[in-house]
Number of protein chains: 2
Amino acid sequence: MVWTGSSSPGVRMSGSARRSMPSIEVVAKEAGVSTATAGRALGGYGSVSGKSREAVLAAAERLGYRANSLARSMITGLTHTLGVLVPDIENPFFSRALRGVADVAHERGWEVLLVNTDEDLSLERKALGVLTERRVDGLVVAPTDTADRDALQGVIDAGIPIVLLDRRVPGLDADTVGIDNRAAAKDATERLLALGHRSIALLTGGDEKLRPRLARPGLRGVERLGATTVGARAAGYRDALLEKGIEPRPELVSAEGFRREDAAAATTRLLALPDPPTAILALDSLLALGVLQALKRLGLRCPADVSLVGFDDADWAEAISPPLSVVAQPVYELGAEAGRLLLDRVHGTDRRPVHRRLPTRFIERDSAESVRTPATSTPP
Amino acid sequence: MVWTGSSSPGVRMSGSARRSMPSIEVVAKEAGVSTATAGRALGGYGSVSGKSREAVLAAAERLGYRANSLARSMITGLTHTLGVLVPDIENPFFSRALRGVADVAHERGWEVLLVNTDEDLSLERKALGVLTERRVDGLVVAPTDTADRDALQGVIDAGIPIVLLDRRVPGLDADTVGIDNRAAAKDATERLLALGHRSIALLTGGDEKLRPRLARPGLRGVERLGATTVGARAAGYRDALLEKGIEPRPELVSAEGFRREDAAAATTRLLALPDPPTAILALDSLLALGVLQALKRLGLRCPADVSLVGFDDADWAEAISPPLSVVAQPVYELGAEAGRLLLDRVHGTDRRPVHRRLPTRFIERDSAESVRTPATSTPP
DNA sequence: CGCTTGAGTGAGAACGTTCTCAATCGCTGA
DNA sequence: TCAGCGATTGAGAACGTTCTCACTCAAGCG
């Protein structure tokens, strides 16, 4: 009898000394059925007799079989993977939002591929390319800049849905999830105004790119400032002032970087102004921390000398002295909702883009109080 | 002439209405070469004439071709993916360490698949299974418990190298990266002892499982307490006390949970003891925050009434009042080193497991000071 | 009894790459 | 002119699944 050679499933070591896991073909042979039947038993599709199923499962157990998702994805067209692009996972905002995305994803059987973009446009583009090649089923992106619209739209056109997190890119065919930044900042500013403050500084954290645009008299047109939240929040700040008949003073609007030290330096500069602010609105929790640090260095007390309101309810916001008043975002829920919208779309729901605005909450603690009439007001 | 049918590459829509990206076959046809040549031109392997290469690249550009990594991985046996298993990405320690892993990975062309295990053994096992099926090239794991040794070893046996982060699992065939927890805790305790403190509480953050084992007289045998860092640190604390001739008091060792509120409650309880501690060593930054919060509620001052030393140099540690003295770990570097070790191994270096212990640094700030002799010492 | 039905099965295609191998091309040197 | 050689090329296998399709078999029905 001539042995016809068969196809003899490869035992070749691929790459390094990696031990080859048994394929479905080996399991099928061990169980005495065809690969088709083995596939059905293991994959839980089609119809298999109880007897076959048992034989296959037993063989799989014996051989330590582990399905190969790659091969499966090739066929099904689904990788069960979501890409998440954020500027920096170390930022508590994004790590908490990521947690929301990941929880929703895992709950429904999806995995999460994470990329930090570092607010770098070229890194973001590169990542978009890589994740497209990986055939992720969808993307949650906190885009660096509206300038990336074409790259993002390209991904969408290639059939990979995108949900924008925290930031918006006008004209992009994608769902968005975030808060109403303009209204939130306006509300925070109004609260400071209601406490009698008339000289309120805005710490945006923005960088050189933003600075000239924030320097325009009266903050005109800031709402059209790109993907970042800074523009919308600055607009809310301006709106509140204008409604109260106060002309925004450009020198009170700072854009000197997002790090704590940047905020401390900015604070020092602001308080050295001839007509210094009596209150500060910081657009991020790290910035608020920098303000507190600077105040301490300057020997000023918060809120007695300077009132402070921050954004984002950090772990420590309640525990420090003074407990910090903040605009709290539902950060986890932001991420979770982004995950939900994305998976809905992955599951084939073809609908027009939706834009979710989740409610913010102002948490009043002790870092902001009524303005004191300077110097002369001290009682005898 | 008979048209022999050819294999006509499928135009079938797979899954939902996903637009199908052009395959290498389509590009090859467009460029007038074989798929093999197109593959060589696009993949940068083998040899291709300048003319063919140009034709292929132009065709790819025209059609918006994007390679399919899945197919590539099937062949090459490499997914260029690292799995990262951490208890909770929201924990600043892990998000910073992850950043380290991710930076190293991206720099070398690897992507990162992230899973939160929530300190849940069954979740961890499930994730291990899923990531095995995804054929990740390697895993960075901060294991929940030594009890998972077999599952972890199984993954390693299947050919997927593992690097343990922050925690150790005795007998596991894996590299580890962490600090010398015992020495670090001993050093911190010695500093408090040097300030004259004799009644020092230890806030471990551990839970019910740990409590009985921490309650043993003299903290005997705590060093064998599982994967977590708690055991080693408690041992260091004990060592320092014993060397000074002080018998550890079990009631000063708390294991009431890792949340800030848990720490606050524990602090309140500790300070209500008949012979309350004059100093507290908190094994994590969130716990330290809870201590501060509790002290404030109790109307006690830090460090005047109670000294405090924490672990991990959080963002806010320097900015709060009082600035917190801490044992700082090189967290980012821990993650980066884990990534490097893992990728070395992925690249085929077969060596014995290495155990990296990175140096810690005690940062002295203002939250710990010399003990005051109680009550009677007030000068006239 | 013959026909329909449906569950169960296996052969082989398909997914989109890279790899193997043999064939061809264009030169070079004798 | 022709053998020899390396660069270039293409056909087709391989990776490990799922999907398609045709087939078998037993049960149910007239």
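Every chain is numbered from 1, with letters handed out A, B, ... down the list of sequences.
Remark: B:R66 engages A:T132, A:E133, A:R135, B:M21 in a side chain to side chain contact (heavy atoms under 4.5 Å, CB included) (not counting sequence neighbours). Looking at residues two or more places apart in sequence or on another chain, you find no salt bridge (charged side-chain N to carboxylate O under 4.0 Å, His left out) involving A:E107. Residues meeting the side chain to side chain contact (heavy atoms under 4.5 Å, CB included) test with A:V101, sequence neighbours left out: A:V84, A:V140. B:R53 pairs by the salt bridge (charged side-chain N to carboxylate O under 4.0 Å, His left out) definition with nothing, not counting sequence neighbours. Residues passing the side-chain hydrogen bond (donor to acceptor under 3.5 Å, both in side chains) test with A:R108, sequence neighbours excluded: none. Applying the salt bridge (charged side-chain N to carboxylate O under 4.0 Å, His left out) rule to A:E333 yields the partners A:R340; only residues at least two apart in sequence or on another chain are considered. A:R352 meets the salt bridge (charged side-chain N to carboxylate O under 4.0 Å, His left out) test with no other residue; sequence neighbours excluded. Qualifying side-chain hydrogen bond (donor to acceptor under 3.5 Å, both in side chains) partners for B:R99, counting only residues two or more places apart in sequence or in other chains: A:D88, A:D118, B:D103.
Spacing between atom CG of B:L70 and atom C1' of D:dG16 amounts to 12 Å, rounded to whole angstrom units. What separates CE of B:M21 from C1' of C:dT17 is a distance of 15 Å, to the nearest Å. D:dT18 atom C1' lies 5 Å from atom CD1 of A:I75, rounded to whole Å. A straight line from NZ of B:K29 to C1' of D:dT9 spans 17 Å, rounded to a whole angstrom. For the pair A:N68 CG and D:dT18 P, the interatomic distance rounds to 10 Å; values are reported in whole Å. For A:R66 and D:dC15, the CZ to C1' distance is 20 Å, given to the nearest whole Å. Distance, A:L42 CG to D:dT18 C1': 12 Å, rounded to whole Å. Spacing between atom CD of A:E25 and atom C1' of C:dG10 amounts to 13 Å, rounded to whole angstrom units.
Salt-bridge annotation for B:D175 and B:R351: present, with a side-chain N of the basic residue lying under 4.0 Å from a carboxylate O of the acidic one.
For the OP1/OP2 pair of D:dG10 and a distance below 4.0 Å, the side-chain nitrogens and oxygens of B:T37 include at least one atom meeting the criterion.
Taken residue by residue, residues 45-53 of chain B places heavy atoms nearer than 4.0 Å to DNA chain C at B:Y45.
Comparing C:dC15, D:dG10, C:dT17 by their nearest atom to the side chain of B:V33 picks out D:dG10. Comparing D:dG16, D:dG10, C:dT17 by their closest approach to the side chain of A:M74 singles out D:dG16. If you check D:dT17, C:dG10, C:dT18 against the side chain of B:I24, the one that comes closest is C:dT18.
With respect to A:L139, the side chain to side chain contact (heavy atoms under 4.5 Å, CB included) criterion is satisfied by exactly one of A:L128, A:V163, A:L82, A:I156: A:L128.
Nearest approach of B:E90 to A:R96, heavy atoms of both residues: OE1-NH1, 2.6 Å.
If one axis is set at each end of the helix from C:dC1-D:dG30 to C:dA30-D:dT1 from five pairs, those axes are 50° apart, to 10°.
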Can you give me every donor-acceptor pair (side chain of residues 36-51 of chain B, partner residue at least two apart or in another chain, under 3.5 Å) with its distance?
from, atom 1, to, atom 2, distance (Å)
B:T37, OG1, B:S34, OG, 3.3
B:S49, OG, B:S52, N, 3.2
B:S49, OG, B:S52, OG, 3.0

Tell me, for nucleotides 21-26 of chain C in 5' to 3' order, what letter each nucleotide earns: B for a base near a protein heavy atom under 4.0 Å, S for only sugar-phosphate near one, - for neither?
------
